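Values below: every heavy atom of this structure, side chains too, minus hydrogens, waters and symmetry copies. Since the structure is predicted, the reported quantities are computational estimates derived from the model, not experimental observations.
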2 protein chains.
Amino acid sequence: MAQGPTITTIAERAGVSIASVSRVLNGLPTRQETVRKVMAAAEELGYVRNAVARSLKSRRTHQVAFAMADVGNPAYLAMLREIQPVLKAAGYRLVLHSTGAVVADEIDVLHSLGERYVDGMIMVPLRVTEAHLQMLGAARAPVVVIGSVPEGTPVDNVRADSRTGVRLAVDHLHALGRRRIALVNGPTDTVPGAARGAAYREALAELGLPYDEELVEIGDFYRAEGGRAVAALLNRVSDVDALMCANDLIALGALDVLRAAGKRVPEDVAVVGMDDTDLAAASWPSLTSVSLGSAERGRVAAELLLDRLQDGEHEPRVVTVPPRLVVRASTTPEPPATRGRSRDGRSTEGGGTS
Amino acid sequence: MAQGPTITTIAERAGVSIASVSRVLNGLPTRQETVRKVMAAAEELGYVRNAVARSLKSRRTHQVAFAMADVGNPAYLAMLREIQPVLKAAGYRLVLHSTGAVVADEIDVLHSLGERYVDGMIMVPLRVTEAHLQMLGAARAPVVVIGSVPEGTPVDNVRADSRTGVRLAVDHLHALGRRRIALVNGPTDTVPGAARGAAYREALAELGLPYDEELVEIGDFYRAEGGRAVAALLNRVSDVDALMCANDLIALGALDVLRAAGKRVPEDVAVVGMDDTDLAAASWPSLTSVSLGSAERGRVAAELLLDRLQDGEHEPRVVTVPPRLVVRASTTPEPPATRGRSRDGRSTEGGGTS
DNA sequence: CGAAACACCGTAAACGTTTACAGATCCTTG
DNA sequence: CAAGGATCTGTAAACGTTTACGGTGTTTCG
């Protein structure tokens with residue numbers, strides 16, 4: 001951990017100027033003899049370029065930030081998994097910000113862009129407040145937002161389409177002959193909660209099914225709360241034949257409670273989750289789930305950012321990633337053989353770290 | 001995205017020297033009048049300190065790297081989730097390196113420490129080769145290794161104890177009256193595979209059970225392979241009454257195959273997984289699993305690194321994190337009510353990203 | 001043989017900070 | 001009021017690079 005060699009050390013050892021050393025290291029035209037001497041000296045000293053000094057001069061850090069609420073959330077994780085290799089391939093390091101669902105922290109992170117320790121950032125805001133928009137407008141480095149941002153906000157934007165997602169699920173249940181389709185939602189003051197609630201209503205309308213308040217239960221986006229909500233629902237109405245759950249965890253809670261109540265899934269009650277996380281494939285019966293394309297949104301966001309870092313001044317772009325219904329056993333006793341496999345095998349690799 | 005203000009801009013605006021500006025910004029003793037002027041100017045200009053320049057001078061980047069094979073792996077993810085808040089609280093940013101199971105990439109990452117873009121690093125090597133040891137010896141910044149490293153390697157080291165882990169599981173199965181306990185392992189040329197195989201043998205010996213080669217099946221650490229291995233096993237021996245699986249994915253595969261074969265879990269065959277990932281709680285029946293303390297190992301590693309960054313020159317430390325058996329339904333029909341809950345609820349937060 | 005063209009190379013400035021040092025200003029005190 | 005000290009401030013160097021510019025030595029050509 002002794003003081004590492006610098007360009008100056010090499011220059012002395014090789015008997016040339018630091019400018020020559022730099023030129024050699026950067027592959028600029030130089031006499032063979034000099035190249036040889038510099039290379040030899042660098043080799044002997046075990047020289048490695050100092051990234052910080054380099055960044056100061058070049059105004060490029062080759063780092064990109066990814067900011068979201070919580071790495072533990074599988075949706076964010078799916079994004080991260082796609083973002084990482086794209087950035088790595090382009091020679092960028094990834095700085096991770098987990099804001100822990102504190103809105104003020106998100107603003108802080110945006111503010112910290114001014115410190116210029118990254119060349120750009122991908123952010124998944126929890127909700128988009130006035131403060132967000134203001135910071136995004138004044139951001140000192142390019143930002144790509146995953147989530148919806150108002151027209152005219154000067155950032156690239158990757159959106160999911162949970163409306164269509166819910167529609168896919170409800171249509172699927174309807175096609176299976178289900179008519180008493182309940183919604184088990186999370187809090188409606190969150191962006192996804194509100195969107196899913198509205199989409200559910202719309203989907204029913206398009207199918208000509210009545211909207212029955214009795215069939216809507218609000219809990220939270222966790223397993224235990226989901227279970228509780230479903231229990232309350234079953235207590236109230238007895239003829240439910242399908243559950244549209246606003247996320248996979250809620251759906252798992254639903255499975256717990258249905259099993260305890262002696263209801264068969266999917267024969268008595270069909271269950272659909274949302275986000276298509278790894279848990280959906282692991283549960284039993286395996287869970288039909290609406291994928292909102294987290295992985296793809298991550299990949300697209302990374303690509304948009306790289307584009308922007310290269311070119312810089314084109315118009316902001318908006319990309320919407322289509323949802324996909326992954327059918328598994330919780331809605332059809334015999335799920336189509338090839339579909340629904342998603343990435344059960346590969347998803348969690350190795351597993352051994354002794 | 002225009003050229004941001006620097007300390008010089010402020011100095012001009014406030015009519016003082018850059019040294020004064022710097023002093024004010026760092027809270028060094030300064031006349032009130034000057035403080036006021038500088039603060040005002042900084043405010044107006046929306047000044048933010050340039051982290052790169054700062055790092056160059058101070059030789060501190062306030063960044064720490066975390067390097068592992070794959071963010072998708074729940075074990076690494078559990079570490080990450082603990083590491084992140086510890087570092088954040090101490091004012092460090094987290095740089096993520098996912099080496100994708102390529103050993104050469106791990107060496108690269110170690111080498112890149114010389115670029116000094118981070119103050120230190122936490123690494124989970126896939127396997128520890130001669131090259132690793134050499135790089136670790138010559139590392140230009142402190143490294144904490146999660147995994148086992150030979151005595152005398154000059155780095156802090158956090159270890160799991162999969163030997164004891166396997167013992168806990170086998171003892172548990174034995175206590176439940178199981179006598180034909182099979183091992184479904186991953187490749188034995190990996191560190192965890194080898195350790196778990198040896199531990200299984202030892203555990204049997206201590207219980208006075210015979211080691212029966214018939215009962216050992218080697219597959220890979222994935223769900224499908226695990227299932228295949230179990231199918232092969234069942235084909236060969238018919239009286240197996242317990243499966244010790246080398247990781248949770250293998251165990252999930254086992255559940256699939258057992259169900260298909262009409263065997264009841266746990267009545268006919270008890271199943272134990274390893275790593276206690278989120279999947280263990282999600283599956284049905286929920287999976288008894290040996291936790292190797294990934295989360296805690298992450299937390300400890302982060303703390304060791306922070307210690308070292310502050311103090312620097314103490315002796316390398318070795319910490320071993322004890323395993324824990326989390327009992328769920330796949331071994332006992334009625335799992336103890338409070339235990340085995342681990343973190344089913346919180347683990348995967350929010351879930352909504354529309 | 002002298003001048004022009006060329007290929008290399010070294011000097012020095014710049015990136016945006018922090019900080020040692022010395023100079024300037026103010027206050028205190030005899 | 002002068003001197004001494006205390007307090008504050010500005011100049012300049014440093015961190016490790018990259019790069020514009022001009023200088024040196026060699027080659028080429030009239």
Please check the phosphate of [N] (OP1 and OP2 only) for any side-chain N or O of [X] closer than 4.0 Å.
X	N	answer
B/Tyr47	C/dT17	yes
B/Ser22	C/dT17	no
B/Arg49	C/dT18	yes
A/Asn50	D/dC15	no
B/Arg59	D/dG16	yes

So, using salt bridge (charged side-chain N to carboxylate O under 4.0 Å, His left out) as the criterion, who are the partners of [X] when residues are at least two apart?
X	answer
A/Glu12	none
B/Arg49	none
B/Arg23	none
A/Glu82	none

Quick one: [X] [atom1] to [N] [atom2], roughly how many Å, whole number?
X	N	atom1	atom2	value
A/Leu56	D/dC15	CG	P	14 Å
B/Leu28	C/dT17	CG	P	15 Å
A/Leu25	D/dT17	CG	C1'	10 Å
A/Arg60	D/dT17	CZ	C1'	17 Å
A/Ile7	C/dC9	CD1	C1'	14 Å
B/Arg54	C/dG16	CZ	P	16 Å

Worksheet item: If we fit an axis to the first five pairs and another to the last five of the helix from C/dC1-D/dG30 to C/dG30-D/dC1, what angle do they make, to the nearest 10°?
Response: 60°
Worksheet item: Listed by chain and number, what are the side chain to side chain contact (heavy atoms under 4.5 Å, CB included) partners of A/Glu115, not counting sequence neighbours?
Response: A/Ser112, A/Tyr117, B/Val48, B/Ala51, B/Arg93
Worksheet item: Which residues satisfy the side chain to side chain contact (heavy atoms under 4.5 Å, CB included) test with A/Glu33, sequence neighbours excluded?
Response: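 Testing A/Glu33 for side chain to side chain contact (heavy atoms under 4.5 Å, CB included), a comparison that skips the adjacent residues, returns A/Arg31, A/Arg36, A/Lys37.
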Practice prompt. Using distance alone, with no hydrogens and no angle criterion, decide if B/His111 and B/Asp108 have a side-chain donor and acceptor under 3.5 Å apart.
Written response: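 Result is no, nothing qualifies.
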Worksheet entry | A/Arg59 bridged to A/Asp119 by N-O distance under 4.0 Å |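 Judged by the 4.0 Å cut-off on N to carboxylate O distance, A/Arg59 and A/Asp119 do not form a salt bridge.
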Worksheet, complete the sentence: Winner on side-chain proximity to B/Thr6, out of C/dC15, D/dT17, C/dT17, is C/dT17
Response to the item:
Quick tally for nucleotides 5-14 of chain D: nucleotides whose base has a protein heavy atom under 4.0 Å get B, sugar-phosphate-only ones S, the rest -, giving ---SBBB--B
Worksheet, complete the sentence: B/His62 meets the ring-ring contact (aromatic ring centres under 6.0 Å, His included) criterion, sequence neighbours left out, with B/Tyr92
